[in-house]
Amino acid sequence: MLKQCEGSHAVASAVAMCRPEVICAYPISPQTHIVEGLGEMVKSGKLAPCEFINVESEFAAMSVAIGASAAGARSYTATASQGLLFMVEAVYNASGLGLPIVMTVANRAIGAPINIWNDHSDSMSQRDCGWIQLFAENNQEALDLHIQAFRLGEELSLPVMVCMDGFILTHAYERVDMPTQEQVDAYLPPFVPRQILDPAEPVSIGAMVGPEAFTEVRYLAHAKQMQALELIPQHAAEFQKIFGRDSGGLVRPYRCEDAETIVVALGSVLGTLKDTIDEMRDAGHKIGVLGIVSFRPFPLQAIREVLKDAKRVVVLEKSLAVGIGGIVSTDVRMALSGLHLHGYTVIAGLGGRAITKASLHKMLQQAMRDELEHVTFLDLDHNLVKRHLEREKQKRRSGPMAENILRDVGVVAARIA
Amino acid sequence: MPFQPVKFYQTGTFTVGNRLLAPEERTVQANMQRTNGLNSGHRACQGCGEALGARYAIDAAMRACNNQLVAANATGCLEVFSTPYPETSWQIPWIHSLFGNTAAVATGIAAALKVKGRREVRVVAQGGDGGTTDIGFGCLSGMFERNDDVLYICYDNEAYMNTGVQRSSATPPAARTATTMPVGVEPGNVFGQGKNVPQIAMAHNIPYVATATVADLHDLEYKVTKAMGMHGARYIHIFVPCPLGWGAASNDTIKLARLARETGLFAVYEAEHGEVTSVSKIRKRVPVEEYLKLQKRFVHLFGKTPATETIARIQAMADRNIRKFGLLEEEGV
Ligand SMILES: Cc1ncc(C[n+]2csc(CCOP(=O)(O)OP(=O)(O)O)c2C)c(N)n1
Ligand code: SF4
Ligand SMILES: [Mg+2]
C-alpha cells in the first residue's frame, strides 16, 4: 500500500510488522520519532505481545536488549551519535555473544563540538564491533532493510544495524510502499534462538575465554560475516519475490558499465549523486556511481567487480578518519589490491553540511582531470581555517576553537542549506 | 528429606543448630536435596564469603521458585571463579554480559519471560559491591525506578577484589586497598560520606530491601525466600568477608561477618516500600577494635602508636548505625 509518511514512521511500521517482543527506548535526535511511534503502538495494544521499556541510558538500552535476546525474545532498539558511543561496550558484547538484536542508527555527527545533524561518524566508529551494518539510500530502502535485518541477523545469530541518514531520511516525508503483515510473516519466520536462558535446559553464557580458544571464537565472528556476504543477495532475491521490490543486496551500481570514473558512496547522498551523474552522462562523460548497502560485511569482491575497469575512483564519505582521511576509502582500496587506478577521498557532508549538485559537479570535473587532491574536504572554507590558525599563532590563550570559528562565521542560522 | 534427630546444641555462636529444629524449619543448605545452584569445584579462595553467600542465596531462591530461576551476573570474582570454562559451577541458566549492566540485562530477561507468558520463571541479578555501588549503579537505579521484576543481590566484600583489591565506594574508611595505601597523613581509605546502597534502594520505595550477612544463614535464607515471594524490584545486600582482600584468616569469614553486625558497623534489617520493617538486634555489643584487629587491611591502626583517633571515628560510625537503626535491644526500633 502506498503511503506518504515520515521516514521514522515508515521504519516504526516496518519494525512493528516484524513482531518485536522487547523494545528499549532512550531519546536522542534524530532517532526519537521511531521509538516514539513504536511506544504508542505497544501502549495502545496494537503491537502485542511486546514489552516497551523506557530505560535510563543507551548503555541500559543495549543491555536490556542483550538480556531479552538471550532469553529468546526478538529485540529491537534505536539510537544515534552520542547514544551509540554511550552504549559501545554493550554493542560489542551483543555481537560477541551472538545475539541477533536489530538496531536502527539514525546517523548523526559525534561531538565535540556537539552537532545534531547528519553524517556517518557514529556507525563508522563501530565498523569493527562485529555487527552487520546496512545503509539505506531512501526511506523505502530503510523500511525494507529492517525486515531483511531481522531475517539475516536471526539466521546468523548476529546483531544488525540499519543505518539511515538522520533528518535527511528520518524526518523526510516520502512516498513508501508499506508491506502487508502477511507479506512480512511470509518472509520472516519466528525467532528460533540458538542459545536461550531456560531452566528446562540450563546453560552458562558469557564465560571467560583465554588464549586457547579466543582466536577461534573471534574467527567465527568473521566467518559468519563472510556467510552474510552470501546470504544478503539471497535474502534480497527472496524479498523481491514476496514484496515485488528490488531492495537491499550488497552493492548498487548505477551507470557503471563503461564508466572511467566511478563515485563510491553510502546512504542518502546516492540520490544527489545519481542526479549529478545523469547530467554528466548527458554531457558525454563516462561516469557512474557505486552505492554500498552492506558496509559490514564489506563486499570486497562485488566492489572490485564493479570498479576493476575504471580509471579512477572517488570515494565520497560522510565521515573522517582523523589523521589519515577516509574510512570507506581505506576499505575500498582493499578491494582494489593490485589494480592501478587513481583513488580520491572526498570528505563531505560533515555535521549536516549540504552536499549540493553544484559542488559535486565541480569536484568531479576536477577528479576527471586528475586535479583533485587525494584527500579533499568538499566545500571547506579555507579562509576560516587559516584565520583560526593565525589566531593560534598570535596568542597562546587563543580560546575555545569551535566558538572562535562560530564568531568568525557570524550570525548565520546553522549552515545546512 | 534426610532427617537427623537432635544430638547437640551448637556452642560459641548464636546460630540455632539446625538439628534442634523441625525438619520444615531447617535451612535449605542443611537439606541434602538443595540444588547446589553454585556447585563445588569453583576457583574461589578458601573461606570466600562471596562464594558462600551466593550459594546460600541461589539455593534459597531456587527452592522458593521451584527451580525456575535465571541469573544474570556482573563481572567480578563470582563470575570469574565460577566459570573457568569448559567447567561451570552454575546449575542454573546463567549469563554474564558486562561489569556495569547486570541490572539492565536482568530487566531484559524479565521482559522476555513476561512477553513469552512464562511468569513462573524468576530472575535474579548478582554483582559485587563495585559492580553494584559504582559502575552498575545507573542501571540498578533504573531497574528500581521502573520496578522491574528482578531480585538484585549485591555481594559486598568492600572492594574491587577481582582486579586485585582496589577501593570501591563500599570500602570503609581507613581500610588499606591497593589504591588507598596506608601511607601519608591519612593512611588507608579516606573518611568520605559513604554510599549506603540499601538506603538508596529504599529511597526508590521498591517493594523489598534487605541486608544480611553470611554469618546468619537462617536470616539470609528467610530474606531471599521472602523476596522471591514478591514481585517487582527487590534488593538484598549481603555482607561477604574476603579473606584475600582483607588479609584475614580463611576460617574467620563467618566470625568477621558476625562481628560486623555485633559492632554495629553493618546494620542488618529489612524494609518494604521504603520503610524499615525489621531490624536484627545486636546480641552482644563489641567494640570495633575486635573486628578491625582480625584484618590486615586495618593493621596500620594498631602499630606502636595506635591510631586512637581513627579508631574512635570508626567507633562513632558504628554508634551512629546503632542509634539510627535501633540495633540495641533496649533502644527499640
Ligand atoms: C567496564 C569495566 N571496567 C573495569 C573492569 C575490570 N574489572 C573486572 S572485575 C572488577 C572488580 C569487581 O569488583 P566487585 O564488583 O566489587 O566484585 P568482586 O570481585 O569484589 O567480587 C573490575 C574493576 C571491567 N571488567 N569492565
Ligand atoms: S579474592 Fe575474595 S571474593 Fe575473590 S574469590 Fe578470593 S576470597 Fe572470594
Ligand atoms: Mg567487591
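Quick note on labels: first sequence line is chain A, next is B, and so on, each numbered from 1. Side chains are part of it too, since the values below use all heavy atoms of this structure and drop only hydrogens, waters and symmetry mates. As the structure is a prediction and not an experimental result, all values here were calculated from the model.
Between B:V80 and A:M208 the shortest heavy-atom distance is CG2-CE, 4.1 Å. When every heavy atom of B:Y85 is checked against every heavy atom of A:A207, the shortest pair comes out as CD1-CB, 3.4 Å. Considering every non-hydrogen atom in both B:A112 and A:A68, the closest pair reads CB-O, 3.6 Å. Closest non-hydrogen pair, B:L98 versus A:F59, comes out as CD1-CE1, 3.8 Å. For the residue pair A:G67 and B:I109, the shortest heavy atom distance occurs at O-CG1, 3.4 Å. Residues B:R118 and A:P199 share a closest heavy-atom pair of NH2-CD, 4.3 Å.
When the candidates B:C139, B:G117, B:A110 are compared by the number of heavy-atom contacts under 4.5 Å with chain A, B:C139 comes out ahead. In terms of heavy-atom pairs under 4.5 Å with chain A, the best-connected choice from B:Q68, B:E79, B:K116 is B:K116. Looking only at heavy-atom pairs under 4.5 Å with chain B, the residue among A:N54, A:V209, A:I196 that has the most is A:N54. Looking only at heavy-atom pairs under 4.5 Å with chain B, the residue among A:A90, A:G96, A:S204 that has the most is A:S204.
To the nearest 0.5 Å, the span separating CG on A:D198 from CD1 on B:I92 amounts to 13.0 Å. Put simply, NZ on B:K114 and SG on A:C50 are 11.0 Å apart, with the number rounded to the nearest 0.5 Å.
Around the CZ atom of B:F99, the shell of radius 6.0 Å holds more than 12 heavy atoms that belong to other residues, nucleotides or ligands. Surrounding NE2 of A:H222 are at most 12 heavy atoms belonging to other residues, nucleotides or ligands under 6.0 Å away. Shown here is A:L220, whose CG atom has more than 12 heavy atoms of other residues, nucleotides or ligands within 6.0 Å. Within a 6.0 Å sphere centred on CD of B:Q193, heavy atoms belonging to other residues, nucleotides or ligands number 12 at most. Heavy-atom contacts from other residues, nucleotides or ligands closer than 6.0 Å to CD of B:E87 number more than 12. For B:E120, the CD atom counts as densely surrounded, since its 6.0 Å shell holds more than 12 non-hydrogen atoms of other residues, nucleotides or ligands. Under a cut-off of 6.0 angstrom, the local environment of CZ in A:R218 is sparse, with at most 12 non-hydrogen atoms contributed by other residues, nucleotides or ligands.
Residues B:I95 and A:L97 form a side-chain contact, since some pair of their non-hydrogen atoms from C-beta on lies under 4.5 Å apart. No side-chain heavy atom of A:M62 sits under 4.5 Å from any side-chain heavy atom of B:N101. Counting heavy atoms from C-beta outward, A:V64 and B:V105 have side chains that stay 4.5 Å or more apart.
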Next on the checklist: Could you walk me through whether A:E56 and B:S141 satisfy the side-chain contact (heavy atoms from CB on, under 4.5 Å) test, starting with their C-alpha distance in whole Å, then the side-chain angles of each, then the deciding distance to 0.1 Å, before giving a yes or no?
Outcome noted: CA-CA 9 Å; A:E56 73 286 352; B:S141 172; over 6 Å; no
Item to check | side-chain contact (heavy atoms from CB on, under 4.5 Å) between B:H96 and A:I205, intermediate numbers included | outcome: CA-CA 6 Å; B:H96 159 245; A:I205 300 175; over 6 Å; no
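Looking at A:N93, only its side chain comes within 4.5 Å of chain B, counting heavy atoms on both sides. For B:Q91, the part lying under 4.5 angstrom from a heavy atom of chain A is the backbone only. Of the two parts of A:V22, only the side chain, counted from C-beta on, holds a non-hydrogen atom closer than 4.5 Å to a non-hydrogen atom of chain B. If you measure heavy-atom distances from B:V115 to chain A, the contacts under 4.5 Å come from both the backbone and the side chain. Heavy-atom distances place both the backbone and the side chain of B:A111 under 4.5 Å from chain A.
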